[in-house]
**Q** 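Just passing along the structure, written as structure tokens.
Each chain gets a letter, A, B and so on, in the order its sequence line appears, and its residues count up from 1. Every heavy atom of this structure was used, including side-chain atoms; hydrogens, water molecules and symmetry mates were not.
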Amino acid sequence: MPAFAPVDEQLEYISKGTAEIIRLPELRERLERSRATGKPMRVYAGFDPTAPDLHLGHTVLLRKLKHFQDLGHTAIFLIGDFTAMIGDPTGRNVTRPPLTEEEITRNAGTYLDQVYRILNPEQTEVRRNSEWFSRFSAADFIRLSAKYTVSQMLEREDFHKRFQEEKPISMHELLYPLAQGYDSFMLECDAQLGGTDQKFNLMVSRDIQRAYGAALPEIVVTTPLLEGMDGVQKMSKSYGNYIGIAEAPREMFGRIMSISDDLMWRYWELLTDISMKGIEAMRREASEGANPMLFKKGLAQRIITDFHDEAAARQALDDWEKQFQRHEAPDDVELVEVPYSEVRAKGDSEADLVRLDKLIARAGLAPSASEGARLLTQNAVRMDGEVKKDPIVAWQVGRDCVVKVGRRMKRVRVV
RNA sequence: GCACAGGUGGGUGAGCGGUUAAAACCGACAGACUGUAAAUCUGUUGCCCUUCAGGGCUACGGAGGUUCGAAUCCUCCCCUGUGCACCA
């Protein structure tokens with residue numbers, strides 16, 4: 001284990017891309033202590049085993065965890081398998097069906113596969129909170145609840161708001177932060193990471209640790225919530241504005257290119273290791289006339305390199321330029337076969353006639369045939385580059401051609 | 001348990017017996033313009049059948065009912081909130 005870097009250096013590295021560090025002086029102390037004793041800090045972040053598809057938004061936090069690892073500290077990846085059974089902490093949804101043991105194990109597995117694209121497995125301690133909670137008795141839970149008061153709970157903005165608006169707040173939601181705090185206590189961690197939306201819960205953790213007699217409460221590090229592709233709401237699967245880390249390079253490239261210029265700087269900050277200075281420099285260049293698209297291409301390549309490799313990033317760039325800047329069809333458009341019987345147009349012509357609206361629905365280029373018909377009237381459909389308006393088109397069975405609907409395209413063969 | 005207020009399309013939210021596939025706004029999608037950016041303008045925005053035309057079927061928490069006709073009225077049920085009661 002190499003010696004720890006000077007504390008100031010560590011602090012700078014940790015600070016980039018965080019929203020808030022509660023208590024910075026305490027963090028400094030701990031870093032100093034770990035440097036003196038040679039003992040790494042224990043840094044923890046908790047995860048719900050219910051979201052197996054990670055997206056870039058999740059990686060902001062994971063990257064921060066990785067930064068601690070880079071500095072030689074221990075990252076604790078806590079799977080909230082027990083708390084997942086309690087249910088949804090946001091209260092938006094009705095209680096989800098409890099996950100079975102196998103489901104949790106499977107989810108955790110796919111989770112880790114993805115997480116290890118960022119974290120160093122060697123320096124990661126994977127834990128589950130069922131370790132302690134499965135042995136927690138009802139009495140223990142009541143004792144835990146006794147550590148906190150209702151008015152303390154209502155300080156949380158979300159609860160406060162819902163309380164005022166006469167919206168439901170379930171009891172189990174109040175237990176959630178407590179359980180999370182107990183996790184911190186059991187893990188004996190020095191710091192906990194979470195998104196800014198978790199700040200309240202993280203602060204509760206400090207209180208719980210104290211209440212259970214921990215010598216020092218953990219340091220809280222919050223990371224900003226990354227905006228999704230819309231640039232407004234946080235990236236989330238339910239808003240459909242996410243870029244998944246398991247997506248194919250080309251897909252990823254396209255999505256990154258479609259974010260707004262403003263948002264791009266945010267992505268540079270939270271998703272790359274380029275220093276703020278470097279980002280400012282690019283920004284200045286752009287404001288002085290450089291085409292921001294060039295920087296966006298650079299961003300896309302960097303991110304793709306992180307999750308795939310450099311060659312893939314290079315290829316994605318080439319493909320993108322070919323397809324969108326030179327308007328050429330890429331050579332490996334996805335091929336879909338569509339049975340003739342499902343798209344045949346009724347007619348007495350001797351040629352094979354196909355209903356285009358149905359065809360694009362069947363090929364997955366539109367959600368329904370009705371929608372397909374609408375797209376047709378909007379000049380959104382092209383066959384081999386040629387705009388089609390008429391839903392009936394001659395199409396010999398066995399032949400394939402590139403069908404483009406808006407931005408999406410597929411090679412379709414009628415069989 | 002009782003009373004009151006609510007439950008409408010992806011979201012917010014109108015409608016309160018027919019002209020309502022359901023206003024408006026947002027979002028989403030498409031077209032123009034571009035750098036697959038933003039902004040702007042235009043159009044579309046339940047499903048299915050039908051080569052424009054036209055037709056059919058679902059939809060306003062759930063189930064029944066009243067009506068020629070219900071998202072709109074009645075009954076019961078479910079869910080949410082508030083107040084009261086009960087319990088402590």
Side-chain angles (χ1 to χ4, degrees), chain A residues 91-95 159 161-171 173 227-234 236-243 250-268 282-283 286-287 289-300 316-330 341-349 351-362 364-382 387-395 403-409:
Chain A
R92 283 197 75 88
N93 307 319
V94 201
T95 322
F159 290 151
K161 221 171 109 189
R162 280 198 274 155
F163 186 68
Q164 296 232 301
E165 289 173 0
E166 307 187 343
K167 296 223 170 95
I169 301 175
S170 299
M171 287 302 293
E173 297 181 63
E227 291 79 3
M229 293 189 297
D230 54 29
V232 181
Q233 278 177 301
K234 69 168 180 180
S236 140
K237 206 190 293 182
S238 45
Y239 295 139
N241 60 359
Y242 67 100
I243 303 176
R250 172 186 294 171
E251 189 69 19
M252 228 185 231
F253 202 99
R255 286 177 190 260
I256 293 167
M257 290 308 288
S258 75
I259 66 172
S260 77
D261 291 353
D262 288 339
L263 189 59
M264 155 169 80
W265 304 115
R266 185 92 166 139
Y267 279 33
W268 272 107
M282 285 188 279
R283 211 170 174 160
S287 68
N291 189 339
M293 184 183 56
L294 298 176
F295 297 118
K296 212 183 280 176
K297 282 181 180 173
L299 174 70
L317 171 69
D318 287 347
D319 289 345
W320 186 84
E321 288 180 341
K322 182 176 182 193
Q323 184 175 349
F324 294 109
Q325 299 201 290
R326 299 199 296 274
H327 298 290
E328 296 165 24
S341 58
E342 292 184 29
V343 296
R344 173 175 37 200
K346 294 218 181 98
D348 47 10
S349 164
D352 295 335
L353 292 180
V354 155
R355 284 279 299 265
L356 256 189
D357 52 352
K358 286 185 186 174
L359 180 129
I360 61 185
R362 273 296 304 174
L365 290 161
S368 68
S370 304
E371 179 68 20
R374 274 177 226 125
L375 287 163
L376 235 16
T377 67
Q378 294 175 71
N379 292 341
V381 181
R382 286 164 187 270
V387 177
K388 292 288 175 192
K389 295 207 73 149
D390 196 327
I392 304 292
V393 92
W395 190 321
V403 178
K404 194 174 169 213
V405 177
R407 298 169 166 183
R408 282 148 288 134
M409 67 168 73

**Q** How do Lys358(A) and Phe253(A) order along RNA chain B: which one's closest nucleotide is nearer the 5' end?
**A**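 Closer to the 5' end of RNA chain B: Phe253(A).
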**Q** What's the separation between atom NZ in Lys358(A) and atom OG in Ser370(A), rounded to the nearest 0.5 Å?
**A** 10.5 Å
**Q** To the closest 0.5 Å, what do you measure between CZ (Arg283(A)) and CG (Asp261(A))?
**A**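 Reported to 0.5 Å precision, the distance equals 10.5 Å.
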**Q** Under 4.0 Å between any heavy atoms, over every strand shown, what does Gln325(A) touch: base, sugar-phosphate, or nothing? Just pick one.
**A** sugar-phosphate
**Q** Can you tell me if Phe295(A) has over 12 outside heavy atoms packed within less than 6.0 Å of its CZ?
**A** yes
**Q** I'd like the P distance from rA23(B) over to rG31(B), given in whole Å.
**A** 25 Å
**Q** Can you figure out which of rU50(B), rC48(B), rG35(B) approaches the side chain of Asn291(A) most closely?
**A**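 Looking only at side-chain atoms, Asn291(A) lies closest to rG35(B).
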**Q** Contact class for Ser368(A) (heavy atom, under 4.0 Å): base, sugar-phosphate, or nothing?
**A**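 Contact class for Ser368(A): sugar-phosphate only.
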**Q** What contact category does Ala366(A) fall into here, base, sugar-phosphate, or nothing, at under 4.0 angstrom with non-hydrogen atoms?
**A**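 Since no nucleic acid heavy atom lies under 4.0 Å of Ala366(A), the category is nothing.
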**Q** Within this structure, what is the CG-to-C1' distance between Asp390(A) and rU50(B), rounded to whole angstrom?
**A**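 Atom-to-atom, Asp390(A) to rU50(B), this comes out as 13 Å.
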**Q** Round to the nearest Å and state the distance from Met257(A) atom CE to rU34(B) atom C1'.
**A** 13 Å
**Q** So, the side chain of Asp357(A) versus the backbone of Arg374(A): is there a donor-acceptor pair under 3.5 Å, distance only?
**A**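 Looks like no, no N/O pair under 3.5 Å.
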**Q** What nucleic acid atoms does Gly254(A) come within less than 4.0 Å of, heavy atoms only: base, sugar-phosphate, or nothing?
**A** base
**Q** In whole angstroms, how far is the P atom of rC49(B) from the CD1 atom of Ile392(A)?
**A**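 To the nearest whole Å, that distance equals 12 Å.
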**Q** What integer number of Å spans the C1' atoms of rA22(B) and rC47(B)?
**A**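 Their C1' atoms lie roughly 16 Å apart.
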**Q** Mark yes or no for whether Lys296(A), through its side chain, and Ile259(A), through its backbone, hold a donor-acceptor pair below 3.5 Å.
**A** yes
**Q** On a whole-Å scale, what distance lies between the P atoms belonging to rG27(B) and rU75(B)?
**A** 42 Å
**Q** For rA3(B) and rU12(B), measure between their P atoms and round to the nearest Å.
**A** 29 Å
**Q** Nearest-Å distance, CG (Leu294(A)) to P (rA37(B))?
**A**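 Leu294(A) atom CG is separated from rA37(B) atom P by 15 Å.
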**Q** So which heavy atom on Ile243(A) is nearest to which on Met252(A), and how close?
**A** CG2-CG, 3.7 Å
**Q** Find the distance between CD (Gln323(A)) and CZ (Arg250(A)) and round it off to the nearest 0.5 Å.
**A**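 Answer for the CD-CZ pair, Gln323(A) versus Arg250(A), is 6.0 Å.
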**Q** What dot-bracket string describes RNA chain B from 5' to 3', counting Watson-Crick and G-U wobble pairs whose defining distances are under 3.5 Å, with [ ] for crossing pairs and | for pairs to another strand?
**A** ((((((((.[[[..)..(.....]]]((((((.......))))))((((....))))...[[[[[..)....]]]]])))))))....
**Q** What's the closest nucleotide to the side chain of Ala380(A) if the choices are rA30(B), rC47(B), rA28(B)?
**A**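 Of all the options, the side chain of Ala380(A) is nearest to rA30(B).
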**Q** Can a side chain N or O of Lys389(A) be found less than 4.0 Å away from OP1 or OP2 on rU51(B)?
**A** no
**Q** Taking the same atom, C1', in rC76(B) and in rC84(B), what whole-Å distance lies between them?
**A**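 Straight-line distance between the two C1' atoms is 24 Å.
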**Q** How long is the line joining NZ of Lys388(A) and C1' of rC52(B), in whole Å?
**A** 17 Å
**Q** Starting from the 5' end of RNA chain B, give me the residue, Arg382(A) or Asp357(A), whose nearest nucleotide shows up first.
**A** Arg382(A)
**Q** Could you give the distance separating rG7(B) and rG61(B) at their C1' atoms, to the nearest angstrom?
**A**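 About 6 Å, rounded to a whole number of Å.
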**Q** Say whether, by atom type as modelled, one donor and one acceptor occur between the side chain of Arg408(A) and the main chain of Ala366(A) under 3.5 angstrom.
**A**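 Checking the backbone N and O of Ala366(A) against the side chain of Arg408(A), no donor-acceptor pair under 3.5 Å is found.
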**Q** Does rG35(B) have OP1 or OP2 under 4.0 Å away from a side-chain N or O of Lys297(A)?
**A**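 Checking Lys297(A) against rG35(B): no side-chain N or O falls below 4.0 Å of OP1 or OP2.
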**Q** Please report the distance, rounded to the nearest Å, between CG in Asp230(A) and C1' in rG10(B).
**A**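 My rounded result for the distance is 14 Å.
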**Q** What heavy-atom pair brings Ala361(A) and Ser368(A) nearest, and what distance separates the two atoms?
**A**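 That would be CB-C, 3.5 Å.
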**Q** Could you give the CZ-to-P distance, from Arg250(A) to rU36(B), as a whole number of Å?
**A**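 After rounding, the reported distance stands at 15 Å.
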**Q** Taking atom P of rU36(B) as reference, at what distance in whole Å does atom CG of Leu263(A) sit?
**A** 18 Å
**Q** For the pair Tyr242(A) (side chain) and Lys234(A) (backbone), establish whether a donor and an acceptor sit closer than 3.5 Å, ignoring hydrogens and angles.
**A**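 Checked: no pair found.
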**Q** Summarise how protein sits on nucleotides 38-44 of chain B as a single string, 5' to 3': B when a protein heavy atom is under 4.0 Å from the base, S for sugar-phosphate-only contact, - for no contact.
**A** S----BS
**Q** When you compare rA24(B) with rA32(B), how far apart are their C1' atoms, in angstrom units rounded to a whole number?
**A** 26 Å
**Q** Compare every heavy atom of Leu299(A) with every heavy atom of Trp268(A), then report the nearest pair and how far apart it is.
**A**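 Closest pair (atom of Trp268(A), atom of Leu299(A), distance): CZ2-N, 3.5 Å.
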**Q** Between rU36(B) and Arg255(A), is there an OP1 or OP2 to side-chain N/O distance shorter than 4.0 Å?
**A**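 Arg255(A) to rU36(B) OP1/OP2: no side-chain N or O under 4.0 Å.
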**Q** Sticking with atom P, work out how far rA63(B) lies from rU8(B), rounded to a whole angstrom.
**A**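 About 16 Å, rounded to a whole number of Å.
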